[in-house]
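Here's the structure we're looking at; comments come further down.
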2 protein chains.
Amino acid sequence: MRKENSTNFLNEKDLANNCGMYYTITLIGGRWKISILAALLDHEVMRYSEIKTRLTNITERMLIKQLKELQDDGLIIRNDYKEVPPRVEYSISKKGRSLEKLLIEMQQWGKKHSKE
Amino acid sequence: MRKENSTNFLNEKDLANNCGMYYTITLIGGRWKISILAALLDHEVMRYSEIKTRLTNITERMLIKQLKELQDDGLIIRNDYKEVPPRVEYSISKKGRSLEKLLIEMQQWGKKHSKE
DNA sequence: CAGCATCCAGGGGGATACTG
DNA sequence: CAGTATCCCCCTGGATGCTG
């Protein structure tokens, strides 16, 4: 980032969309999204019920909603085996995995500063 | 992050607060916060009116609100010179500056993936 | 098992007008 | 110049009950 006297970090051209920063936030900013992503980064593949068990307190509506948004944004992959009884597995996508480093840093920053 | 078979990224103890990730999101997740932080990281010190000019489209209410929250969270510093006419300068705090690396990475990730 | 439907509160965010 | 004060919309997120 620059200091001298003008715009480098946020140049005029990119100002409108905050150089993509806001895009990133909108993708992971949902109430439960980072928890879901973290769980999937940790377990590779999880069934719906596993995620639900893991994220105590989340309601079914919210879980489905956040899963769908993550899927629409291409961060996770939904695999419906179309069996009876239903069996659906969720996994992280390439795009989702590319967020791993960022999430870890957010985690570290949060841990470090949340007690201040 | 781990793969073998269990929880490292999100261990049970930290699950409740998502290992601090959610804390981080709440601090920078406001509609205009990253723009303000980026502007202050870029300019060191800015007057209220400068920020307002820079962030076209933001309303006064929103600007003040987000500035106050950023200040309450310790990310920026407000310096009121108590002059007439008023003169108030905003600058980034140490805690705020420690977010710089993270913001740049969010920017890069967003730029790279927003066209997909 | 893996959802969907409905209802609802709260707050985030915006427009506009006013002030010390 | 640097804010306040109102008003208002809508969307997020939560509770609860139902279903293929």
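The basis for the numbers below is simple: all heavy atoms, side chains too, and nothing from hydrogens, waters or symmetry mates. Convention: sequence-line order gives letters A, B, ...; per-chain numbering from 1.
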- Scan residues 61-74 of chain B against DNA chain C and write down, sorted by residue number, each residue with any heavy atom closer than 4.0 Å; if none is found, say none. B:Arg61, B:Met62, B:Gln66
- Any donor-acceptor pair under 3.5 Å linking the side chain of B:Tyr23 with the backbone of A:His113? yes
- Are side-chain heavy atoms of A:Tyr22 and B:Ile34 found at a separation under 4.5 Å? yes
- Sub-3.5 Å donor-acceptor pair from the side chain of A:Ser91 to the main-chain atoms of A:Glu44, do we have one? no
- Query: Is any side-chain nitrogen or oxygen of B:Ser49 closer than 4.0 Å to OP1 or OP2 of D:dA2?
  - Reply: yes
- Query: So how far off straight is the helix from C:dC1-D:dG20 to C:dG20-D:dC1, going by the axes through five pairs at either end, to 10°?
  - Reply: 50°
- Query: What pairs with A:Glu89 under side-chain hydrogen bond (donor to acceptor under 3.5 Å, both in side chains), at least two apart in sequence or on another chain?
  - Reply: A:Tyr81
- Task: Please report, rounded to the nearest Å, how far the P atom of D:dC1 is from the NZ atom of B:Lys52.
- Result: 9 Å
- Rounded to whole angstroms, how far apart are CD on A:Glu60 and P on D:dA15? 12 Å
- Task: Look at B:Tyr90 and D:dG3 and indicate whether a side-chain polar atom (N or O) is within less than 4.0 Å of OP1 or OP2.
- Result: yes
- Item | Shared hydrophobic cluster, A:Ile77 / A:Met46 (ILVMFWY, side-chain heavy atoms < 4.5 Å) | no
- Item | Test item: A:Tyr48 and A:Glu60 side chains (from C-beta on) under 4.5 Å apart, heavy atoms | yes
- Item | Distance, nearest 0.5 Å, that separates CG of A:Leu99 from CE of B:Met106 | 9.5 Å
- CD1 on B:Ile28 to CH2 on A:Trp109, rounded to 0.5 Å: 8.0 Å
- Query: Applying side-chain hydrogen bond (donor to acceptor under 3.5 Å, both in side chains), which residue pairs with at least one partner in residues 61-71 of chain A are found, sequence neighbours left out?
  - Reply: A:Lys33-A:Glu69
- Kindly compute the distance separating CG (A:Asp73) from CG (A:Leu27), expressed to the nearest 0.5 Å. 4.5 Å
- Query: Can you list, by residue number, the residues of residues 75-89 of chain A that have a non-hydrogen atom closer than 4.0 angstrom to DNA chain C?
  - Reply: A:Arg78, A:Pro86, A:Arg87, A:Val88
- Contact span of DNA chain C against chain B, any nucleotide atom under 4.0 Å from a heavy atom, 5' to 3', runs C:dG13 to C:dG20
- Within a strict 4.5 Å, meaning less than it, do heavy atoms of the B:Leu102 and B:Thr24 side chains meet? yes
- Item | Rounded distance [0.5 Å steps], OG1 in B:Thr56 versus NZ in B:Lys52 | 11.5 Å
- Task: Apply the test salt bridge (Lys or Arg N to Asp or Glu O under 4.0 Å) to residues A:Glu50 and A:Arg47: give CA-CA distance (whole Å), side-chain angles for both, the deciding distance (0.1 Å), then the verdict.
- Result: CA-CA 5 Å; A:Glu50 291 182 285; A:Arg47 294 185 63 161; 5.7 Å; no
- When rounded to whole Å, the CG to P distance for the pair A:Asn57 and D:dG14 reads 9 Å
